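Computed from a predicted structure; not experimentally measured. Below, chain A is the first sequence line, B the second, and so on; all start at residue 1.
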Amino acid sequence: MQRRPLRDELRDTFEAMSEPAHPALASRIHEEIWSRPPPAARIPRLAAVIAALVAVVVVAGLVLIGRHALPGQAVPAGRGGLPSPVATAPASPAPGSPAPGVAASPGAASPAPDAAATLPGFSCATQNGGAAQPAGSTGPVPVTDVRAAAQTGVDRFVIQLSGPVPQYEVKPQASTTFTRDPSGFRVSLEGSSGLQVTVHGAQSYGSYSGSTDLTPRLTVLREARQVGDFEGVLTWGLGLSRASCFRAYVLTGPSRLVIDVQR
Amino acid sequence: MVPAMADRTTEQLLTGPAAFTAQLEAVLDQAHRLATVILRDRTAAEDAVQEAALKAWQKQGQLRGGAGGFKTWFLSIVANECRMARRGRWWHVIRMPEPTVQRGSAEEMAAAGDLRAAISKLGPADQTALFCYFYLDLPMDQVARVLRVSPAAARSRVYRAAQRLRPDLDPSEDL
């Protein structure tokens with residue numbers, strides 16, 4: 001039997017295994033390039049290396065001269081007599097109580113609502129809640145499923161976990177551009193407004209094998225994309241067709257974080 | 001087009017972000033396809049192409065080869081970025097959308113009729129060579145520019161890589 005020419009076979013295979021660029025990639029690159037100054041005339045590399053070497057030699061020489069000039073003096077704490085580093089600023093207070101004007105958000109203490117009557121009201125401000133990780137916990141809570149669907153009057157986004165929902169924050173923003181964690185690259189989703197969902201103490205790597213870029217294209221919720229899963233901090237960006245109020249709450253059996261976006 | 005004219009055209013085309021991004025967008029699809037072939041992960045491919053685009057913007061003064069040179073120059077940056085991504089430590093913890101569990105060499109995969117798996121087993125340079133020559137239909141001298149080797153070396157790389165996929169390859173058939 002005559003075999004197909006390799007060129008044809010390879011062309012079909014490459015077509016199948018590669019993907020064209022997402023339109024958002026071009027606009028992201030466009031934004032990045034426009035936000036940076038045009039490349040300036042470069043200093044010749046050799047000159048830069050020589051300048052750096054001279055600087056190192058000069059600094060080393062000054063340090064040596066300083067030590068010899070002051071015999072018997074103990075070097076103060078900190079390298080080269082520099083002051084000790086100042087302690088870092090205290091950590092911001094842990095989220096837990098809703099901001100003023102924010103509707104009650106079910107947290108760790110409140111039992112999980114299991115009926116529509118107990119659901120919190122909608123709010124357009126940042127909402128947070130969830131349980132603080134118990135002492136001796138073995139690590140981030142694994143994510144088992146993520147989904148989005150239309151419900152009566154709302155578009156719903158759900159993160160399902162195999163343990164209690166840890167502390168979370170749902171923060172509205174005026175654009176659909178999110179920063180990827182940890183790469184720092186920016187990613188733009190469909191829509192004109194966004195919600196950033198951050199879960200502290202959850203991880204989808206190794207437990208969630210579904211899509212990390214959901215495009216339900218609902219009335220308000222257009223796209224949901226995982227923008228971070230690093231060191232126990234899970235971040236999803238939601239692209240909305242317009243700024244909309246929402247409610248975030250926890251359900252149990254199975255444990256899940258639910259975000260309802262008002263249509 | 002005479003080379004001098006081509007150089008001038010490139011110079012005009014690449015001055016300013018608008019002109020640069022216009023050039024870039026013309027090759028973005030091909031660059032992204034190359035990155036997905038090498039990295040087999042859409043997110044990683046997007047990151048690699050984005051990083052390559054920013055490097056190209058910063059280093060556009062290094063572009064040589066006239067108006068037609070942008071494509072091969074940018075593809076070579078993308079291929080290099082993908083190579084570095086595969087070598088980098090983060091590559092080992094990136095989750096693959098479709099975990100490749102096939103064991104065996106490219107030759108074994110090709111013999112089993114699974115060309116896709118066989119290509120995945122090749123190194124980035126071989127993947128780049130085959131992709132540019134067979135899929136993008138670039139002439140051998142442009143493949144060589146992407147790979148940053150001589151045309152003769154590019155030709156032998158394409159042939160060797162193709163032979164790993166089809167050991168009974170007749171050089172006159174496709175090369």
Can Ser188(A) and Arg28(A) be counted as having a side-chain donor-acceptor contact under 3.5 angstrom? no

Side chain, backbone, both or neither of Arg225(A) within contact of chain B (heavy atoms, under 4.5 Å): side chain

Distance-only donor-acceptor check, side chains Thr235(A) and Asp181(A), under 3.5 Å: no

Part of Gln127(B) lying under 4.5 Å from any heavy atom of chain A: backbone

Side-chain donor-acceptor contact under 3.5 Å, Asp260(A) with Tyr249(A): yes

Contacts of Phe185(A) meeting ring pair (Phe, Tyr, Trp, His ring centres under 6.0 Å) (sequence neighbours excluded), chain-then-number -> none

Those residues that, when tested against Thr144(A), pass side chain to side chain contact (heavy atoms under 4.5 Å, CB included) (two or more places apart): Gln160(A), Ser162(A)

Residue Asp213(A) versus chain B: region with a heavy atom under 4.5 Å: side chain

Which atoms of Leu28(B) are under 4.5 Å from chain A, going by heavy atoms: the side chain, the backbone, both sets, or neither? both

Honestly, the part of Leu34(B) sitting under 4.5 Å from a heavy atom of chain A is neither

By a 4.5 Å heavy-atom criterion (distance strictly below it), what part of Glu25(B) contacts chain A: side chain, backbone, both, or neither? side chain

